[in-house]
Amino acid sequence: MLNKRIESAINDQINAEIWSAYLYLSMSAWFEGQNLPGFANWMKVQWQEEVSHAMKFFDYVHERGGKVTLQPIAGVKTDWKDLVEVFDETLTHERHVTSLINNLVNIAIEEKDHATNNMLQWYVSEQVEEEANAEAILEELKMIGGHGHGILMIDREMRGRSFVDETQAAE
Ligand SMILES: [Fe+2]
């Protein structure tokens with residue numbers, strides 16, 4: 001049986017993951033408006049990834065006999081100044097999510113819940129990847145410095161990204 005403190009912290013994290021999904025979907029919509037289908041696709045995949053993160057927690061709570069309580073999803077930003085701002089905010093957001101995951105690990109350790117701690121280690125590794133991906137694109141965009149040709153080249157590359165459910169492969 002899942003301890004109530006952990007159950008409540010995971011429920012908050014489900015909301016945070018869904019909110020992340022919502023943010024990336026909003027960014028995808030913004031890229032559609034900029035006529036950058038590759039970037040829009042990349043963000044749509046990001047949205048799918050975040051939904052899968054939420055679902056991994058959702059399934060875990062049920063597996064442990066807990067109760068999932070879905071909370072309201074806060075609004076997201078819908079406009080950005082430029083591409084650098086989008087990826088700057090993506091990186092800042094992923095760093096914030098990393099701190100949320102680390103905090104969950106701390107709670108699991110305090111509550112001596114080794115199973116939850118073990119499950120969370122998947123997210124610890126995933127966050128390293130999330131931060132690295134956002135940072136790499138941000139650095140590329142900074143290097144290009146708003147040049148149309150470079151942006152179109154990255155956009156073409158980003159068209160090829162497709163969703164792979166890594167939460168399933170890990171089990
Ligand atoms: Fe996530």
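For ligands, and for the atoms within them, numbers begin at 1 and follow the listed sequence.
- For Arg156, the CZ atom counts as loosely surrounded, since its 6.0 Å shell holds 12 or fewer non-hydrogen atoms of other residues, nucleotides or ligands.
- Side-chain contact, Asn133 with Glu94: no donor N or O sits under 3.5 Å from an acceptor N or O.
- Side-chain contact, Gln13 with Glu17: a donor N or O sits under 3.5 Å from an acceptor N or O.
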Working for ring pair (Phe, Tyr, Trp, His ring centres under 6.0 Å), residues Phe57 and His53:
CA-CA 7 Å; Phe57 279 120; His53 296 170; 8.4 Å; no
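- Members clustered with Phe163: Val45, by chain and number, using a 4.5 Å side-chain heavy-atom cutoff among hydrophobic residues.
- Here the protein contributes Glu17 OE1, Glu50 OE1, His53 ND1 as N, O or S atoms under 2.8 Å from the Fe ion (ligand 1).
- Crowding of Tyr60 atom OH: a count of heavy atoms from other residues, nucleotides or ligands under 6.0 Å exceeding 12.
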